[in-house]
Engineer: 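Before I ask anything, let me first share the structure, which is written out below as structure tokens.
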Amino acid sequence: MPEAESNRPSAWNVPDFRPELAFPQLTEDMVERLRSYGREENFPADVTLFARGERQVDMFVVLDGEVRISLPTSDGETKTIAHHRRFDFSGELNLLNSQGSLVDAHTVVESRLLRIPRNQLQRLMRAEGDIANLITQATIWRRIGILGESAGGILLMGHADDAEMTELHRFLIRNSYPHRIVEVPMGEGAQLDDGLSDVQPTLPAVVLSDGRTLHRPTIAELADELGITELPDPETIYDVVVVGAGPAGLAAAVYAASEGLCTLVIEGTAPGGQAGTSSKIENYLGFPTGISGQRLASRAQLQALKFGVRFAISRDVVTVESIGGIHRLTLAGGISVCTRSVVIASGAQYRKLSVENYGQFENHGIYYAATAMESLLCRDKEVIVVGGGNSAGQAAVFLSGIAKHVHHVVRGKSLANTMSQYLISRIESSSRITLYTDSEIVKLEGGLSLEHVTWVSRGSGGLTAKPIGSVFVMIGAEPNSGWLFGAVKLDKKGFILTGGTEGFEMTPYATSVPGMFAVGDVRSNSIKRVASAVGEGSVVISDVHRYLADHRNHFAVEPRSALAALRSASGTTAPQPATP
Ligand SMILES: Cc1cc2nc3c(=O)[nH]c(=O)nc-3n(C[C@H](O)[C@H](O)[C@H](O)COP(=O)(O)OP(=O)(O)OC[C@H]3O[C@@H](n4cnc5c(N)ncnc54)[C@H](O)[C@@H]3O)c2cc1C
């Protein structure tokens with residue numbers, strides 16, 4: 001068997017898996033270049049190079065010998081998933097982020113390896129474009145392989161209809177974290193013969209790969225345990241902190257880091273924002289057959305990681321204060337971060353219907369996204385989609401391929417002014433979608449989850465009532481700007497005012513506070529589209545550069561006093577300026 005093939009894991013039966021991309025071999029020239037980033041080390045046989053759960057593991061290039069990569073299984077055994085031989089390298093997605101290792105690595109025989117420490121890896125990813133692309137590609141495909149393994153990852157157990165369970169599940173999916181689900185039937189706890197049934201009273205529970213169980217963890221607790229979040233360094237003054245990892249924030253992060261700025265992204269939930277909840281984005285340039293929002297977001301996050309962006313996921317920014325050119329952002333839980341500039345990309349969130357019992361059925365029949373995950377809940381059942389915009393249209397079309405029938409309820413008299421023509425045509429031509437214009441939902445009924453829905457035709461007053469358990473509400477969004485109240489100027493609806501107004505810097509994205517910029521859906525008068533959010537996120541970085549150049553001139557000798565002022569407000573120690 002040729003060398004390049006021998007390390008391919010036979011076990012990875014993921015559809016369309018590309019072993020040649022997951023396990024590329026470095027060339028002799030590449031290995032020579034890599035030597036300046038690492039050191040050669042000799043290891044005897046059967047030495048652990050890194051173990052599952054370890055964070056910030058180094059990368060190893062095999063010069064001579066062999067390294068075995070194995071995945072611990074739920075029954076306490078290990079499964080070999082790859083062998084690295086001459087000029088192969090170790091690591092998967094966790095090489096680029098701070099997640100704990102999902103696998104163990106051991107030498108099989110006496111081996112000579114090139115160890116590339118993490119800090120050098122970042123330098124290499126910036127300087128060696130061809131090798132960086134090879135590594136990035138391999139890390140994605142290796143993670144795809146691990147995600148497809150039934151053996152590894154963590155175990156999430158709970159009741160299928162439980163809102164907390166749904167939230168944890170969504171969090172794991174959106175952060176591409178390998179997991180398995182054990183659904184526990186309502187009222188049945190002692191049926192499981194896996195020794196875990198005693199956790200029933202505190203479901204949902206997460207059984208970690210080291211055997212520990214977290215009962216009803218919050219998203220932040222789970223994220224910290226899994227290393228999904230990288231807590232920001234309180235000692236650093238970042239060049240730019242991006243708040244929100246939707247399309248606008250991810251674009252800003254990629255451009256900022258690729259241009260050498262020390263960049264941190266703070267995201268409350270998961271990369272992707274609203275776009276991450278879209279089943280298929282069909283109008284984003286370059287994807288003629290469409291791309292799921294989740295996929296677009298994962299790719300963008302990888303691109304950002306490649307350039308050295310740090311991500312603090314799972315905590316919202318709750319306040320911001322600015323003194324003398326330094327901005328301090330405080331995250332939920334009290335951690336604070338200092339930065340010279342801020343790009344606000346906190347987007348918007350779904351609007352809700354004003355119907356009695358509405359809150360009772362959120363995540364128990366009322367959903368705001370129609371992705372593959374939600375579609376599992378309504379296979380061959382009748383569903384309702386509410387809203388006249390493009391997101392509602394996409395949801396109706398997507399669900400019509402899965403649900404028995406889609407009832408599309410719209411308040412407006414037609415879709416013409418609010419939806420793209422291609423979607424209107426598809427809705428009109430589908431026998432599995434019925435459109436109810438000038439109509440609204442008036443009653444929601446059910447027990448633990450939604451069971452019956454009634455809507456009214458506003459013109460005739462006629463009521464339609466159906467035994468339906470899934471309603472997809474897609475009626476627009478409100479800005480995520482509550483945390484900025486009193487800090488920057490907002491318009492009447494709470495969107496951030498930017499540029500061009502009297503008293504503002506004359507750049508389109510400058511807010512009323514120097515050094516703070518706003519892009520994407522949260523910005524007043526922005527076009528609410530993925531492409532425009534991405535465009536604004538990329539363009540704003542040139543404004544940030546200009547601002548930082550001035551800022552360094554004006555404040556270079558003064559950041560200490562600005563920090564002292566911020567410090568005296570909180571009693572914390574002074575952060576250190578970052579070295580880009
Ligand atoms: C279901 C759906 C389908 C769509 N389909 C399309 C489409 O096909 N084509 C198209 O062009 N547009 C589409 N859109 C619109 C598009 O997704 C948005 O315009 C775009 O996502 C806006 O990007 P953004 O980065 O500005 O904000 P968002 O995508 O809203 O991202 C903001 C991010 O900031 C985070 N955040 C908020 N507050 C805080 C805080 N205080 N601290 C930390 N993080 C915070 C949020 O968790 C979120 O991840 C769709 C929208 C939806 C909901």
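In each ligand, atom 1 is the first atom listed, and ligand 1 is the first ligand listed. Worth knowing before you read on, the calculation uses all heavy atoms, side chains too, and leaves out hydrogens, waters and symmetry mates.
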Engineer: Under a 4.0 Å heavy-atom cut-off, which residues neighbour ligand 1?
Structural biologist: Val243, Gly244, Ala245, Gly246, Pro247, Ala248, Ile266, Glu267, Gly268, Thr269, Ala270, Gly273, Gln274, Ala275, Thr277, Ser278, Ile281, Asn283, Asp316, Val317, Ala345, Ser346, Gly347, Ala348, Tyr350, Ser391, Gln394, Asn480, Trp483, Gly520, Asp521, Lys528, Arg529, Val530, Ala533
Engineer: Could you work out, with side-chain contact (heavy atoms from CB on, under 4.5 Å) as the rule, every residue matching Glu221, not counting sequence neighbours?
Structural biologist: Pro217, Thr218
Engineer: Is it true that the side chains of Lys443 and Asn357 contain a donor and an acceptor less than 3.5 Å apart?
Structural biologist: no
Engineer: Test your reading of the model: is there a side-chain donor-acceptor pair from Ser420 to the backbone of Leu423, 3.5 Å cut-off?
Structural biologist: no
Engineer: If you look only at pairs with a residue in residues 286-315, which of them pass as a ring-ring contact (aromatic ring centres under 6.0 Å, His included), with sequence neighbours excluded?
Structural biologist: none
Engineer: So, using ring-ring contact (aromatic ring centres under 6.0 Å, His included) as the criterion, who are the partners of His407 when residues are at least two apart?
Structural biologist: His405, Tyr436, Trp455
Engineer: According to the interplanar angle, ranging from 0 to 90°, do the rings of Tyr547 and Phe517 count as parallel (below 30°), tilted (30 to 60°) or perpendicular (above 60°)?
Structural biologist: perpendicular
